[in-house]
There are 2 protein chains.
Amino acid sequence: MTIDFFWHERPRSTRGPKPALTLDAIADAAVTVADTEGLAAVSMQRVAAELGFTKMSLYRYLPGKTELVALMLERAIGAPPELTPGEWRARLEEWSTLLLARYLAHPWAVEATVGRRPLGPHELSWMETALACLSGLPLTGSERLDTIAVLAGHGRMLAQQAGAMPGEAAPDGAEDEMVRAMGAVLRSHGDRFPHLTAAIGEPGGANQAFDYGLARILDGVEVLLRDRQDQDRQVTRADAQSA
Amino acid sequence: MTIDFFWHERPRSTRGPKPALTLDAIADAAVTVADTEGLAAVSMQRVAAELGFTKMSLYRYLPGKTELVALMLERAIGAPPELTPGEWRARLEEWSTLLLARYLAHPWAVEATVGRRPLGPHELSWMETALACLSGLPLTGSERLDTIAVLAGHGRMLAQQAGAMPGEAAPDGAEDEMVRAMGAVLRSHGDRFPHLTAAIGEPGGANQAFDYGLARILDGVEVLLRDRQDQDRQVTRADAQSA
DNA sequence: GGGAACTGTCTCTACCGTACACAGAGGAAA
DNA sequence: TTTCCTCTGTGTACGGTAGAGACAGTTCCC
C-alpha cells in the first residue's frame with residue numbers, strides 16, 4: 001500500500017548482502033531527472049541508469065512507480081518552514097509565497113499532485129503550519145481547511161502557468177513558440193474574443209498574478225472575519241441589553 | 001502542430017475513398033471511455049476498438065494523442081453558456097459554478113489540463129465570457145485576466161479533490177479506503193498535527209468548499225473595486241477643489 | 001480507362017511498468 | 001569453520017503504450 005510506505009517503519013534484517021542503494025539516493029536521482037528533463041522522463045529505467053543499476057533493482061526498495069513519485073514529491077516539497085511571528089495575514093502570505101517557491105523550484109510537482117492520492121508527512125506538515133496561522137480566529141474547521149485549500153490551489157495554479165509565461169525561463173524555446181502561436185490565433189480570430197484581446201493587449205503589470213490573487217483571497221478572508229467580529233459584538237451587546 | 005488543429009480549416013479533397021470516421025465520432029468515443037474508465041484508459045487502441053477500427057486508422061484523422069486529448073477537452077468543456085443578466089458578481093458566480101459543473105461531469109478534464117498546452121476555441125470562449133462580466137469595472141487588463149484565472153483555478157482545484165471527497169460518488173470503494181487509511185494515519189500520528197486533527201474532527205459544514213472559496217475570492221475583488229471607487233471619488237473631489 | 005489520391009490495415013521499433021526465477025553475497029547457527 | 005538461509009541485484013519475459021512506414025484497395029478526376 002502506498003500510504004504505509006511513509007509511515008510504517010521498515011525493519012532491516014541483518015542477514016544477506018547489504019543494500020547498495022537508499023531510498024533517499026533513489027529519490028534524489030529521480031528528482032534530478034524530473035528537474036532537468038521533466039516528470040515524463042522519470043522512468044524506472046532512467047532513474048536506475050542514473051544510479052548505475054538496472055531498473056529491476058529499484059523494486060527491492062520501492063513497491064512501484066507510484067511510491068517513487070510520492071517519494072519524489074515529499075522530497076521536493078520538503079518540510080514546511082518556520083514562519084516569522086506576526087499577524088495571521090502576513091503569516092499566510094509568507095506561507096503561500098514559500099509554497100509557491102517550492103513548486104516553482106520543481107515545476108513537475110504540480111503534475112505529480114493531480115488525482116486521488118495519499119498525502120505524505122511533509123504535505124501534512126505544510127497544512128498544519130498554515131492551519132496554525134488561523135488558530136484563534138472565528139472560523140470553523142471546514143472554513144480553515146477550505147481557506148488553506150484555496151491558497152494552496154492558487155499557488156499550484158500559478159506554478160502551473162508559470163512555465164507558459166513569457167518570462168526568463170524559456171526551456172528550448174518551445175514555450176515561446178506556443179505563446180507566439182496563441183498570439184497569432186488571437187490576431188486572426190480576435191473579433192470572436194474582443195474582451196480577451198483587449199485585456200491581453202493592454203500594456204504593463206504582468207507577472208503580478210500570484211500577488212494579485214493572494215491579495216484578493218486574503219482580503220476575502222478578512223471580510224469574513226470582520227463580519228464575524230461585528231456579529232459577535234452585536235450578540236454581546238444584545239446580551240448586555242437583555243441582562 | 002497541435003494548435004493549428006483547432007483553427008485551421010482542413011480542406012477535404014474529393015479524391016479517394018470517403019473517410020469512415022469523423023473527428024467528432026472519435027472524440028465522442030474517447031470522451032465516453034474517459035468518463036467511464038478514466039483518462040488513463042484512453043489509448044489509441046482502446047478508442048479505435050470502441051469504434052471498431054484499428055488504432056492506426058485514427059492517425060489518418062489525428063496527428064497524435066496530444067491532439068486527441070485536446071479534442072476531448074474541447075468537447076467535454078463545451079461552449080460557454082449565456083449568463084443571466086445582472087451584476088458582475090452574480091454573473092461571475094454563475095460562470096464559476098457552471099464551469100465547475102463541466103469539470104465535475106468529466107473529472108478527467110482536470111488531469112488533461114495540466115502542463116503547457118495551447119487553448120482551444122471553447123476554452124477561449126469561456127475566458128471571453130468571464131471577461132465580459134468584468135467589462136466596465138475599474139480593473140486593468142492583467143487584473144481581469146488574473147481574476148478569472150483565480151476563479152477558474154479554484155473550480156479546477158475543487159473538481160480535483162471532489163473525487164477524493166467522502167461524498168456520494170464512491171467509485172469501486174477505493175477512495176473510501178484511502179480516506180480511511182488517511183484517517184488511520186492521523187489517528188496514530190495526530191500529535192504531530194494538532195490543528196489539522198482538530199479542524200478535521202470538528203463536525204458539520206462539509207462540502208461547502210467551493211462556495212466558501214468562491215465567496216472569499218469575490219469578496220476580495222469587491223474590496224478592490226470599492227477601494228478604486230473611493231480613490232476615484234477622492235481624485236474627483238480634489239479636481240473639483242483645485243478647479 | 002488510366003493515373004492519382006486517399007483510405008484502413010499490417011508490420012515493426014522503441015519504449016514503459018512489473019512479475020518471476022536465479023546466481024551470488026554474507027551474516028547466523030551448527 | 002562449515003552449513004544454511006536470507007536478501008541482494010540481474011536477466012528474461014509479458015502485455016501494454018505511441019508511433020513510423022509500407023501496402024493493397026477504393027474512388028474520383030482527367
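Chain naming here is simple, since letters A, B, ... match the order of the sequence lines and numbering starts at 1 in each.
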Starting from the C-alpha separation in whole Å, work towards a yes-or-no answer on side chain to side chain donor-acceptor pair (under 3.5 Å) for B:Thr22 and B:Tyr61. CA-CA 8 Å; B:Thr22 58; B:Tyr61 301 85; over 6 Å; no
Under 3.5 Å, is there a donor-acceptor pair between the B:Tyr212 and A:Ser142 side chains?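 Their side chains do not contain a donor-acceptor pair, so the 3.5 Å distance test is not met.
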Could you tell me whether the side chain of A:Lys65 has a donor or acceptor atom within less than 3.5 Å of a complementary atom in the base of C:dT18?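 Per atom types, no contact qualifies.
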State whether [X] and [Y] are salt-bridged, where the test is any N-O pair (Lys NZ or Arg NE/NH1/NH2 against Asp/Glu carboxylate O) under 4.0 Å.
| X | Y | result |
| --- | --- | --- |
| A:Glu143 | B:Arg216 | no |
| B:Arg156 | B:Glu111 | no |
| B:Glu37 | B:Arg46 | yes |
| A:Arg75 | A:Asp24 | yes |

In whole angstrom, what separates [X]'s [atom1] from [N]'s [atom2]?
| X | N | atom1 | atom2 | value |
| --- | --- | --- | --- | --- |
| B:Leu62 | C:dG8 | CG | C1' | 15 Å |
| B:Gln45 | C:dT11 | CD | C1' | 14 Å |
| A:Leu58 | C:dC16 | CG | P | 12 Å |
| A:Leu39 | C:dG17 | CG | P | 11 Å |

Contact class for B:Tyr59 (heavy atom, under 4.0 Å): base, sugar-phosphate, or nothing?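 Base contact - B:Tyr59 has a heavy atom under 4.0 Å of at least one base atom.
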Got a sec? Which of residues 22-36 of chain B come in under 4.0 Å of DNA chain D, heavy atoms?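 None, since no heavy atom is under 4.0 Å.
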Tell me, for nucleotides 25-30 of chain C in 5' to 3' order, what letter each nucleotide earns: B for a base near a protein heavy atom under 4.0 Å, S for only sugar-phosphate near one, - for neither? BSBS--
Minimum-distance nucleotide to A:Arg60 side chain [options: C:dA21, C:dT18, C:dC10]: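 Among C:dA21, C:dT18, C:dC10, the one nearest the side chain of A:Arg60 is C:dA21.
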Using the heavy-atom set of chain A and a strict 4.0 Å cut-off, write down the first and last nucleotide of DNA chain D that makes it in, 5' to 3'.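 In short, chain A contacts DNA chain D from D:dC5 to D:dT12.
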